[in-house]
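Each remark here refers to the structure printed beneath this line.
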Amino acid sequence: MNLMKKHPLSLVISSLLAANIAIAEPAPAVESSSEVSVALTDADQQTAADIALASQPSMEDPGLKIEALIEQFESQGVGSKFRSRAERGELYYTTAIATVMVKPEHRDWGNFRVMAYKEALLKAQAKYVESLGVSIKSEAVQKLFDDQSQMPEFTAEELRSSSKIIEILNKAVAYAGGVLDQKLEELGIDPSEFNAAPPEKRALLFERSVSERTIAKARQSIAGVIPVKTFEAYDNQGNHVVAVAIVASSRFRQFVDDIINSKGDITANAKKASALSISEQLRSNKSALLDEFGIRRLYDEQGYPVLVSFGQSGNPYRGNDYQTLADNRELSYAAAKGQSYANLAYLFKSNASSTDITSQKAKRSTVGIASKDGDGVTNTEDSSVNFIRAIDREITAKGNVKNLTGTKELFRWTAKHPVHGHEINGVVYIWHPKLEQTARALKNFTPERKTTVKQPPKQATSVTAGTSSSPDRMSADDF
């Protein structure tokens with residue numbers, strides 16, 4: 001204080017500046033060091049951000065990936081031929097997509113995957129059925145409403161009873177149902193009158209909307225419709241999408257009809273003959289069986305047409321008890337067999353129906369609200385904008401074939417899914433014209449009865465792990 005009184009303000013400022021300069025002489029180095037430190041920190045932060053961004057899983061859309069896969073199939077090879085012939089009106093070709101409903105962490109993921117293929121097939125069949133004939137009904141409505149006089153009101157009687165009702169409600173809120181009604185009656189109030197006095201009333205004051213409702217129905221035969229290709233795509237989050245391509249043609253329907261009526265009398269086509277038997281064709285790449293669904297027509301080494309039906313099912317058991325594992329595997333085989341048979345039924349004699357109900361509504365509206373507030377009423381308005389869509393789609397396929405002759409189980413297989421490790425069990429069934437001829441001959445044959453000598457039972461031995469098979473006692477020339 002004395003310093004300020006004895007020296008002018010300018011001298012004081014000059015003295016302070018001089019002292020500050022003297023103290024801050026080494027400041028440039030410190031300041032430079034500080035600036036460098038800050039710059040390095042920013043660089044480190046940017047590097048850390050880049051690393052974090054790079055380490056995040058890429059979110060690839062499996063739906064887009066499978067569309068690209070389908071487009072690739074249709075742009076070359078047999079897929080290109082299917083598409084070109086379909087464009088010329090020589091056959092029907094389409095694809096459909098479905099998403100596996102669960103991720104691989106689910107114990108039944110393998111079975112959900114199978115059902116996703118079934119869903120895709122049903123969607124494709126629905127497209128085919130609708131292309132043969134569809135009935136459509138549609139209705140569109142535009143509405144404009146405005147009436148401000150519709151603001152709700154409470155009657156004088158409702159207002160007079162308001163406070164008394166609130167008092168009763170506070171006392172009886174702990175009671176439910178008949179207990180509440182009983183207490184209201186004890187206080188001299190009819191429960192129906194209590195219910196008739198709502199705390200608020202609502203009424204539509206304004207609405208502008210447009211809506212449309214469409215109903216599409218189709219029902220046709222799907223006999224002879226056959227899947228020719230299946231697809232699958234997935235991302236690194238475990239989301240799987242599958243797709244199915246189907247083909248239908250008059251020529252193939254005739255082939256199916258010939259199988260039913262020919263009793264196995266079908267001529268081989270040497271030009272179609274394969275270098276491998278059907279079993280060798282399929283067993284040569286077992287991993288490919290994981291992607292086989294539905295039914296296919298192949299040709300054997302003699303040129304005979306053979307229908308091959310694929311069924312597969314997941315084994316949900318993940319424990320270490322072999323008996324439980326074996327039981328679940330057998331159940332899985334049984335489910336796969338059912339699918340193989342179903343494929344044949346759908347191919348030979350089946351119908352599909354599709355019902356698609358779609359409604360959409362875009363609406364702007366204002367609702368008037370009258371709320372009781374003690375002995376008075378508070379009026380408010382609530383405006384909203386909504387888009388409402390409702391979809392109700394149902395696709396049904398039913399197959400029924402009686403006394404189909406000439407089928408047999410070709411083989412069973414078990415494989416681990418190469419990505420997620422789930423056990424998948426499959427069954428392959430075939431129909432072969434020679435098998436049908438043999439089966440019909442056996443139906444009408446009475447075997448000769450022969451007496452066999454009963455062998456004495458063998459002594460029990462210790463059990464070890466291993467395999468066994470029956471000896472080759474018969475020659476193929478015996479048949």
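Owing to the predicted nature of the structure, the values given are computational and were not obtained by experimental measurement.
E74 places a side-chain heavy atom less than 4.5 Å from the side chain of T95. Looking only at side-chain heavy atoms (C-beta outward), T324 and N328 come within less than 4.5 Å of each other.
Of the possible donor and acceptor atoms, one in the side chain of N343 sits under 3.5 Å from a partner among the backbone N and O of G294. Proximity of a side-chain donor or acceptor of S354 to a complementary backbone N or O of A218 within less than 3.5 Å is not detected. Counting only distance, with no hydrogens or angles, the side chain of D61 and the backbone of G63 share a donor-acceptor pair below 3.5 Å. No donor-acceptor pair under 3.5 Å is formed between the side chain of H417 and the backbone N or O of G110. Side-chain atoms of Y117 come within 3.5 Å of backbone N or O of F231 as a donor-acceptor pair.
If you check the side chains of N425 and T414, you find a donor sitting under 3.5 Å from an acceptor.
A side-chain contact (heavy atoms from CB on, under 4.5 Å) with S350 is found for exactly one of I222, V225, L344, V401, namely I222.
Cation-pi check for R297 over F255 is met; the charged atom lies under 6.0 angstrom from the ring centroid and within 45 degrees of its normal.
Residues passing the side chain to side chain contact (heavy atoms under 4.5 Å, CB included) test with R253 are Y128, S221, A223, sequence neighbours excluded. Taking the side-chain hydrogen bond (donor to acceptor under 3.5 Å, both in side chains) definition, one finds that D257 meets it with N261, sequence neighbours left out.
Using a 4.0 Å cut-off between a side-chain N of Lys or Arg and a carboxylate O of Asp or Glu, R113 and D291 qualify as a salt bridge.
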